[in-house]
Every structure is written in C-alpha cells, then in structure tokens.
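Since the model is a prediction, treat every value here as computed from it, not as a measurement.
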Amino acid sequence: MEKFSAQVLRYFLVGSNHAETKYRVLKIDRTEPKDLVIIDDRHVYTQQEVRELLGRLDLGNRTKMGQKGSSGLFRAVSAFGVVGFVRFLEGYYIVLITKRRKMADIGGHAIYKIEDTNMIYIPNDSVRISHPDEARYLRIFQNVDLSSNFYFSYSYDLSHSLQYNLTVLRMPLEMLKSETTQTRQESFDIFEDEGLITQGGSGVFGICSEPYMKYVWNGELLDIIKNAVHRDWLLYIIHGFCGQSKLLIYGRPVYVTLIARRSSKFAGTRFLKRGANCEGDVANEVETEQILCDASVMSFTAGSYSSYVQVRGSVPLYWSQDISTMMPKPPITLDQADPFAHVAALHFDQMLQRFGSPIIILNLVKEREKRKHERILSEELVAAVMYLNQFLPPEHTIIYIPWDMAKYTKSKLCNVLDRLNVIAESVVKKTGFFVNRPDSYCSILRPDEKWNELGGCVIPTGRLQTGVLRTNCVDCLDRTNTAQFMVGKCALAYQLYSLGLIDKPNLQFDTDAVRLFEELYEDHGDTLSLQYGGSQLVHRVKTYRKIAPWTQHSKDIMQTLSRYYSNAFSDADRQDSINLFLGVFHPTEGKPHLWELPTDFYLHHKNTMRLLPTRRSYTYWWTPEVIKHLPLPYDEVICAANLKKLIVKKFHKYEEEIDIHNEFFRPYELSSFDDTFCLAMTSSARDFMPKTVGIDPSPFTVRKPDETGKSVLGNKSNRDEAVLQRKTAASAPPPPSEEAASSSSEDDSGTDREEEGSVSQRSTPVKMADSGDSAKVTENVVQPMKEVYGINLSDGLLEEDLSIYTRFVQLGQSQHRQDKSSQQLYSRCPDGVIKLTPISAFSQDNIYEVQPPRVDRKSTEIFQAHIQAGQGITQPLGKEDTSMYREYIRNRYL
C-alpha cells in the first residue's frame with residue numbers, strides 16, 4: 001500500500017510492503033514549474049523510523065511552532081501504485097492507482113485490475129505558468145480509461161509468458177552467483193545486503209527480469225524516473241484481458257487462467273490502424289496465454305503449471321482502409337510496394353526471437369469474392385511468405401495455412417468447427433506446450449498415439465513450447481476468436497492430460513469443462529473487440545455451431561450498428577488519446593497541436609521523418625543470434641545478452657518479498673475470509689454442473705443443453721421458450737437477417753453462394769418436461785440405483801470385484817491406529833492383500849490423534865531466547881558474537 005503525504009513546497013510519497021514492515025520515501029519538489037525533480041533517499045525505513053521522519057517533517061514545517069492546527073504536512077491521498085508521470089504544456093502530473101480489484105492468482109502472485117485512478121498536478125499555484133490548451137490535452141489524456149481492462153501485479157511479470165518466467169527460475173546457481181557480485185557493486189540501496197553475509201547458507205537468490213516493453217502501456221510514463229528511483233517503485237501495467245475460472249475435478253481445484261496482452265506498438269482503433277508500421281509492429285496485436293495450474297499446491301517450484309500461447313494480429317503489410325467515404329466496408333488499398341517483404345521480415349524476426357520456430361500462420365481471410373476485396377491481402381501475404389521462406393533453413397520455415405472460414409460458414413455441407421479442430425490438432429502437435437513437470441507415469445502405462453506425436457522441446461524438468469500460431473482475418477475479431485478458441489480447446493486437452501487429470505488428450509463439446517472454457521474465451525473476445533472495434537463480438541462460437549438462439553440475430557444487428565457508429569464517430573478521438581497516452585505524440589510549444597494534425601501516419605512511421613541508420617539484407621533478413629538457437633526462442637536462451645536483462649539479488653530465506661505463504665495469507669494481520677479470498681471466480685461445479693442428484697459430477701461428461709446449472713429456468717414459459725429457441729436453431733437454416741446483420745461485419749462478403757444441402761448439426765435434441773407437476777419432479781430426483789451406481793446391489797458380486805473391494809478396505813484400515821482386534825483381522829486376511837505400515841515423523845499419527853516429536857534441549861533454548869528478545873530481554877553477547885560483529889564492521893566500512 002502506498003501513502004501520499006503533501007506539503008506546500010514538496011510532496012512526500014511513502015511506500016510500504018504488504019506487511020508494513022519496510023518503507024521507502026520519495027521527495028518530489030513542487031517549486032519547479034516545468035521540470036520534475038524527484039529524490040529517492042535510498043534508505044529502507046522501519047515503521048517506527050518512518051513515523052519519526054514524518055513527525056519531524058510535520059513539526060519543522062508548521063507556520064507557528066507549537067500550533068497543531070497549522071500543520072505543514074497532511075495526507076493528500078492513499079494509493080496502491082504509481083502509473084507514472086506526464087507533462088503536456090505546463091508542469092508534471094502524477095497518476096496514482098486509488099482502487100484495485102483482484103482478478104486472478106498465479107502461484108500465489110495476485111493480479112489486479114485498476115478500478116480507479118487519480119491525477120495530481122505537482123507544481124504549486126505560486127509557480128504555475130498557465131497555458132490555454134493545457135485543459136484540452138488533459139481531457140484527451142483522460143479519455144484513455146485506466147479503469148477499463150488495465151492490469152498489474154506487484155510480484156509477477158505480466159509482460160512475459162509463464163514459460164519465460166519459470167525458465168528464468170531454472171537458471172544454474174553458478175551464473176546467479178557471478179551475477180550477484182556484479183549487481184552488488186551497482187546496488188542502488190546500500191542497506192539491501194546488510195546482514196546476509198553473516199547468515200551463512202540462509203541466503204536465497206531472487207531474480208527480477210526486465211519487462212517486455214512491447215506489452216507495457218505505461219513505459220513512457222515511467223521512463224523519466226526509471227533511473228532516478230529504486231526499481232520497487234516501478235509498477236508496469238498491461239492492457240487487454242485477464243480472467244480466471246475454477247475447474248473442479250472430483251473436489252480437486254484446477255485454475256484455468258486466460259491472459260491477453262495487447263501490444264502498445266502501433267496501437268489504435270479499427271479502421272485507423274491497419275497492417276504494420278516500418279518497424280514490423282502490426283495493428284491489433286494481442287498475445288493470448290492460457291494457464292492451467294493445480295490450485296491445491298501454490299508454489300511454482302512444487303506445483304504443476306502448464307501454459308499455451310497464441311497470437312493474433314493484422315496482416316503484416318502496408319495497407320489501409322479509407323473511412324472518409326462513410327461506407328460500412330471501405331475498400332482495401334496497399335499503401336506501399338514492398339517487393340522484398342521488408343516489413344513482414346521485421347515482424348517475423350520479432351516472432352522468431354520471442355517464440356522460436358515454427359511460426360504458423362492461420363489466414364482466415366476470404367479467397368473467393370465477386371469483387372476483389374479481402375483477397376488482395378491473401379495474395380500479398382502468400383507472396384511475402386514464399387519470398388521469406390526461400391532463405392530460411394527448411395526445418396524452420398514459416399508454415400502458411402489459408403482457410404476461407406466465411407465460405408465454410410455459409411455452406412450447408414461443411415461443419416466449421418470440425419475443420420477447425422483438424423487444424424488445431426496439427427498446430428498443437430507442431431508447437432507443443434509448456435509444462436513444468438516431466439511426463440506422468442500414467443502416460444507411460446497408457447501410451448497415447450497423439451501424445452507421442454507431440455512437438456515442442458522435451459527437457460528433464462518438463463516441456464517447452466517452441467513456435468507459435470499466428471491467426472488473422474481482416475479485423476482479427478470474430479473469426480479469429482473462434483479459431484483461437486478451438487486451438488485453445490485442443491491445447492487444454494493436452495494440458496489436462498499432461499497433469500494426469502484425464503486419460504486421453506481429448507475434450508468433447510457440451511461438457512462442463514468446455515462450457516467453462518468457452519465462456520472465458522467469449523469474455524476475452526468481447527473485451528478485445530470493444531477495445532479495437534468499438535463493440536462486442538458479432539459472431540460467437542454458438543453461431544458457428546449453429547445452435548445460437550433466434551434472439552441472438554437481433555443482438556448481432558445491434559452489435560454491428562454499434563461497431564459502425566464507433567468507427568465513424570468516436571474512433572478518431574480514441575486514437576488521439578492513445579497516441580498521447582503512449583507518448584507517440586509529445587506536445588511542444590510552437591508546434592502543431594495533436595488535434596491540428598491531418599493524420600498520425602508520420603508519428604507511427606519513423607522512416608518518414610528521418611532516414612533509418614541501417615537497412616537489413618534482402619536475403620538474410622533475420623537476426624543472426626536468433627537463427628542459431630532455433631527452434632528455441634532466443635529470449636529464453638541463457639547467453640550474455642539475456643543475462644544483462646536480469647537483476648539478481650540475495651535475500652534472507654524468511655524475507656517477506658519471497659515468502660509466498662505470508663504474501664498470500666498475511667498471517668500478520670487481522671483479516672476475514674472475504675478479504676483473503678476476495679476472488680469470486682466462475683466455478684464449474686457451481687455454475688455449470690447440473691444440480692440434479694445422481695448426475696455424474698465429472699466436468700468431462702457430455703451433458704444435454706438443458707442440464708447445465710446456468711440454463712436451469714425457473715418457470716414453464718421460460719423453459720418452453722428456451723426449448724423452442726434451440727429447436728428453431730437446430731432444425732431451420734439461418735434466417736436472412738443473420739446475413740443481413742453480417743453486411744458490415746468482418747464475415748460478410750460477395751462470395752458465390754454454395755449449393756444448399758443437408759445441414760451438419762452438432763446440437764443435442766431437447767426433451768420438454770412439465771415443471772408444474774411436482775410428482776414428476778420427485779420421480780426425476782429419486783433415480784434408480786442402476787443409473788446412479790451403474791450396478792444393482794441386489795445382484796451377486798463377482799469374485800474379482802469382491803477381491804478389489806477387500807483390498808480397498810484393508811488400505812483404509814492401515815491408516816488407523818492398530819489394535820489387537822485389527823491385528824487378528826490382518827492375520828486372517830486372504831492371500832494377495834497388501835499390508836501397509838504407517839511411516840511418519842510422528843510417533844503416533846492417525847486421523848484421531850497426533851503426538852508431536854520431541855524437541856531437543858538446544859532448540860528449546862533457542863526458542864526461549866527468541867521469546868525473551870521479543871519481550872525486550874536480550875541475551876549477553878558471547879566472544880564469538882563480538883568478534884563476528886567486529887569483522888563485519890571492518891569489512892563493510894573500513
């Protein structure tokens with residue numbers, strides 16, 4: 001928690017850790033009208049020391065000594081972090097996070113969403129130099145709503161993938177020790193390493209990596225203080241989406257987390273940012289990562305974690321659409337000729353460096369059109385990929401998969417999701433996925449053909465994902481989200497299999513697990529679509545499954561109109577706000593203002609303002625170091641260049657910063673369950689599993705559409721309406737309004753109509769039931785024993801089943817305290833029954849009582865001395881302690 005205290009001549013920013021045992025103080029000068037003067041005293045304070053410091057400041061700055069009412073120091077605001085500092089035409093502002101909400105938890109590291117912020121002007125009124133355009137710039141800056149899908153974490157690097165973050169943890173200890181000697185010489189805080197030298201083996205190495213600035217949105221706001229303050233003050237935020245749901249597998253909690261990172265390079269709105277800039281950054285580039293973890297074990301080192309990453313982004317070419325004609329679908333124009341695919345080469349070089357090989361392109365752009373529109377992009381992209389591939393080694397070439405998804409959607413003979421499932425299987429097999437534990441023994445006992453064909457990189461500690469799928473259509477919204485969902489669903493099956501949670505890497509539709517994952521992906525798609533296109537998704541997974549209710553068509557029309565209105569009237573203002581927030585445009589006295597510029601093309605394409613210093617080779621278009629380490633991503637390779645990006649620090653093993661248990665549960669403060677477990681996530685058992693008694697609780701069981709927890713309706717009319725909607729969607733072809741609604745969305749086209757045929761359906765027939773008949777409801781609740789347990793107990797049991805049950809009973813009894821009667825029972829056990837002896841560190845250990853082990857005398861004395869020290873009774877120092885302290889003073893200060 002950060003506290004902000006103010007005074008007339010300066011601000012004091014007081015920051016603390018969660019336990020409020022360590023404090024740092026920043027002093028910000030308010031007498032400079034246009035410069036930012038910020039001082040970090042480089043000292044870590046205790047709670048008592050910071051109180052005394054603020055007390056002295058308060059006492060020394062009163063207008064009249066001894067008058068309490070005329071205090072020169074008062075609290076201005078309390079905040080949770082500093083977003084950064086910004087200046088327009090007058091002085092600097094500080095942007096603070098005043099409200100936050102916990103959205104997810106990964107390995108005990110909390111991820112928060114910004115709920116509210118506060119901008120405070122730093123210079124005081126006596127030195128302020130007013131400017132007439134300052135207020136307008138302030139309004140434009142505040143148009144970027146920081147309370148809308150901006151996320152941060154104090155201890156987890158959100159700009160990197162889980163694979164990168166955990167790969168850093170596996171770095172050999174010898175390298176870390178060599179790095180710490182270097183870091184200590186450049187140490188920012190002279191008190192950081194105090195006391196660790198004399199602790200012997202109690203030191204623990206902590207690693208902090210530099211964020212990946214492409215996905216950081218406040219990098220420009222923090223740049224001015226980056227080298228002036230301690231790194232603990234720097235809080236990097238990302239923009240995109242973060243959601244977490246709980247998959248309950250027979251009581252075992254598994255967290256499914258979806259994190260989307262939107263690129264801050266070439267960022268903007270739908271029609272105003274298309275294609276790529278001169279540096280290879282593309283519009284609407286989002287990296288989506290799905291993380292699966294066993295929530296019963298929290299730490300990264302002991303727990304089971306898996307992740308899969310995929311990317312969406314605009315076609316990497318110089319192209320745009322002119323919206324001045326006010327057409328729903330402006331024509332696509334290629335702005336510059338690029339015969340040597342220079343911009344595509346820069347883009348794919350970035351991807352090879354971050355993800356490794358192979359890079360797989362899934363192009364969903366239309367290929368058959370009466371009037372050439374989207375096909376322009378397909379033809380150019382194919383030519384660019386073919387040109388670049390001829391210079392790459394054959395094993396690392398870019399894989400190009402073209403598929404006209406819109407044509408398949410309109411055809412009655414084809415099933416879109418079946419075809420996507422085939423593509424997804426081939427993609428996941430090529431790239432693999434990340435898991436931080438070696439293959440389970442069950443995969444050896446029950447080998448699966450699909451598992452043995454899996455790609456990626458197998459290492460002793462698990463698996464690494466090498467390469468990535470890059471999906472694009474024109475807007476990278478509706479079609480792209482459905483394709484990413486299908487690939488994510490396929491990867492989720494492999495992730496569950498790798499953690500030993502399912503017996504085959506395959507997931508069916510209409511299961512609780514897939515419904516939970518689909519809802520997570522729809523929220524993800526809606527959020528990204530609102531950010532880029534101005535409306536929610538027009539076409540969803542249910543639309544492509546052809547089971548969407550008929551009321552969905554009217555919603556699609558409204559979303560299409562909302563998207564058109566946003567693109568025509570509000571996108572220009574949003575683009576100006578993004579350019580100002582990201583530092584693409586810097587207000588300067590005597591130069592044109594932001595609203596006076598006819599276009600922002602020159603701001604995003606730096607080669608138009610000056611000649612670039614070097615030009616890449618047309619044939620060797622990649623970075624040499626990147627190609628040497630393929631298929632591994634260069635960013636994760638242990639080399640000198642990457643080691644420079646790491647900050648290594650030595651901690652005491654009981655330090656709060658690295659103690660995840662204390663960080664998460666906070667036993668040092670009085671709290672409630674509501675505060676500690678404030679994350680109200682979606683649960684498969686509560687929100688999707690049927691409430692009927694006797695239903696199989698497995699989240700991998702295929703259920704009827706009316707069986708889920710979310711579709712149980714209270715009255716007969718609503719239920720009949722829902723059944724009618726499903727029957728209408730299942731039996732009739734899509735009405736004309738669906739295609740009419742698509743006229744201005746990304747899935748419309750002038751494609752030739754396919755011949756109508758039989759409709760391929762994936763829906764399940766629904767039976768109607770009368771909810772008013774209480775007798776029938778009772779009959780449904782009390783089900784036959786055969787349906788509940790699978791057998792009739794009245795029938796005689798097989799001898800093999802009886803033997804298995806006997807072994808199960810013996811295993812259970814071996815956990816309890818053994819008495820004479822149980823020993824006699826064991827002596828009469830049939831042959832083949834395994835006898836287990838409890839092994840424990842406790843002399844008596846069972847479910848009824850536990851006898852703790854005996855503590856030796858020396859440990860008791862150490863504990864008593866610790867208690868006395870807490871009461872202020874200190875033990876006299878011995879000779880050894882005195883000599884050790886003298887040696888420490890001599891080495892440190894003399």
Side-chain angles (χ1 to χ4, degrees), residues 79-84 86 93 95-104 110-119 137-153 158-159 214-222 235-244 257-270 272-273 283-288 312 475-477 481 519-538 558-559 562-563 565-567 569-584 678-681:
F80 295 103
V82 180
V83 176
V86 64
Y93 297 84
V95 186
L96 298 168
I97 301 170
T98 55
K99 286 184 183 178
R100 68 181 185 186
R101 180 159 58 97
K102 188 176 178 182
M103 295 298 296
I111 298 174
Y112 297 97
K113 177 180 179 290
I114 298 176
E115 290 287 304
D116 198 11
T117 57
N118 192 2
M119 282 186 73
Y137 275 116
L138 183 60
R139 284 196 304 270
I140 293 174
F141 183 87
Q142 291 177 333
N143 271 348
V144 176
D145 187 6
L146 283 170
S147 64
S148 175
N149 309 119
F150 283 88
Y151 304 91
F152 69 93
S153 175
L158 287 173
S159 66
K214 184 175 187 177
Y215 298 114
V216 172
W217 276 64
N218 64 333
E220 189 70 23
L221 302 179
L222 292 174
L235 188 65
Y236 295 101
I237 64 175
I238 67 166
H239 185 37
F241 173 80
C242 179
Q244 190 172 57
T257 311
L258 205 61
I259 299 176
R261 309 173 184 92
R262 181 174 290 282
S263 172
S264 60
K265 309 294 183 184
F266 203 52
T269 54
R270 184 184 178 200
L272 298 177
K273 285 292 161 285
N284 195 22
E285 183 174 6
V286 181
E287 179 182 299
T288 300
R312 67 173 69 184
D475 293 328
C476 303
L477 297 179
N481 198 71
E519 184 179 84
L520 205 57
Y521 244 98
E522 286 202 353
D523 292 344
H524 158 267
D526 283 338
T527 303
L528 297 182
S529 183
L530 275 168
Q531 292 166 8
Y532 182 66
S535 74
Q536 293 183 348
L537 291 173
V538 175
M558 293 305 298
Q559 294 298 339
S562 172
R563 186 175 293 183
Y565 175 83
S566 175
N567 299 154
F569 300 105
S570 62
D571 276 6
D573 293 336
R574 288 173 57 208
Q575 185 65 58
D576 287 344
S577 302
I578 292 171
N579 290 339
L580 188 63
F581 184 85
L582 293 176
V584 178
C678 60
L679 181 58
M681 67 177 75

Pair Leu520-His524, side-chain contact (heavy atoms from CB on, under 4.5 Å): steps then yes or no: CA-CA 6 Å; Leu520 205 57; His524 158 267; over 6 Å; no
Has the side chain of [X] got a donor or acceptor atom that lies under 3.5 Å from a matching backbone atom of [Y]?
| X | Y | value |
| --- | --- | --- |
| Asp475 | Tyr532 | no |
| Ser159 | Tyr215 | no |
| Ser577 | Ile140 | yes |
| Asn218 | Val83 | yes |
| Ser153 | Ala110 | yes |
| Thr269 | Gln575 | no |
| Gln531 | Gly268 | no |

Trace of the side-chain contact (heavy atoms from CB on, under 4.5 Å) decision for Ile97 with Leu235: CA-CA 10 Å; Ile97 301 170; Leu235 188 65; 3.9 Å; yes
Shortest non-hydrogen separation from [X] to [Y] and the atoms involved:
| X | Y | answer |
| --- | --- | --- |
| Ala267 | Ser263 | CB-O, 3.7 Å |
| Met119 | Gln142 | SD-NE2, 3.6 Å |
| Ile111 | Cys242 | CG2-SG, 4.0 Å |
| Ser147 | Asp145 | OG-OD1, 2.6 Å |

Option passing side-chain hydrogen bond (donor to acceptor under 3.5 Å, both in side chains) with Arg262 (candidates Asn149, Thr527, Asn284): Asn284
Give, for atom [atom1] of [X] and atom [atom2] of [Y], the distance between the pair rounded to the nearest 0.5 Å.
| X | Y | atom1 | atom2 | answer |
| --- | --- | --- | --- | --- |
| Arg270 | Arg574 | CZ | CZ | 11.5 Å |
| Ile237 | Tyr151 | CD1 | OH | 11.5 Å |
| Phe80 | Tyr112 | CZ | OH | 8.5 Å |
| His239 | Leu528 | NE2 | CG | 8.5 Å |

Note: Lys214-Glu287 ion pair, threshold 4.0 Å (strictly below): no
CA sep, side-chain torsions, deciding dist, call: Val144, Phe150, side-chain contact (heavy atoms from CB on, under 4.5 Å): CA-CA 10 Å; Val144 176; Phe150 283 88; 4.0 Å; yes
From CA spacing to verdict: side-chain contact (heavy atoms from CB on, under 4.5 Å), Leu96, Val82: CA-CA 5 Å; Leu96 298 168; Val82 180; 3.8 Å; yes
[Y] side chain reached by [X] side chain, heavy atoms, under 4.5 Å:
| X | Y | result |
| --- | --- | --- |
| Val95 | Leu146 | yes |
| Tyr236 | Leu158 | no |
| Arg312 | Asn481 | yes |

Whether Phe581 and Trp217 hold their rings parallel, tilted or perpendicular, with breakpoints at 30° and 60°: tilted
Salt bridge (charged side-chain N to carboxylate O under 4.0 Å, His left out) partner of Glu115, chosen from Arg101, Lys99, Arg100: Arg101
Lys265 NZ: over 12 foreign heavy atoms closer than 6.0 Å: no
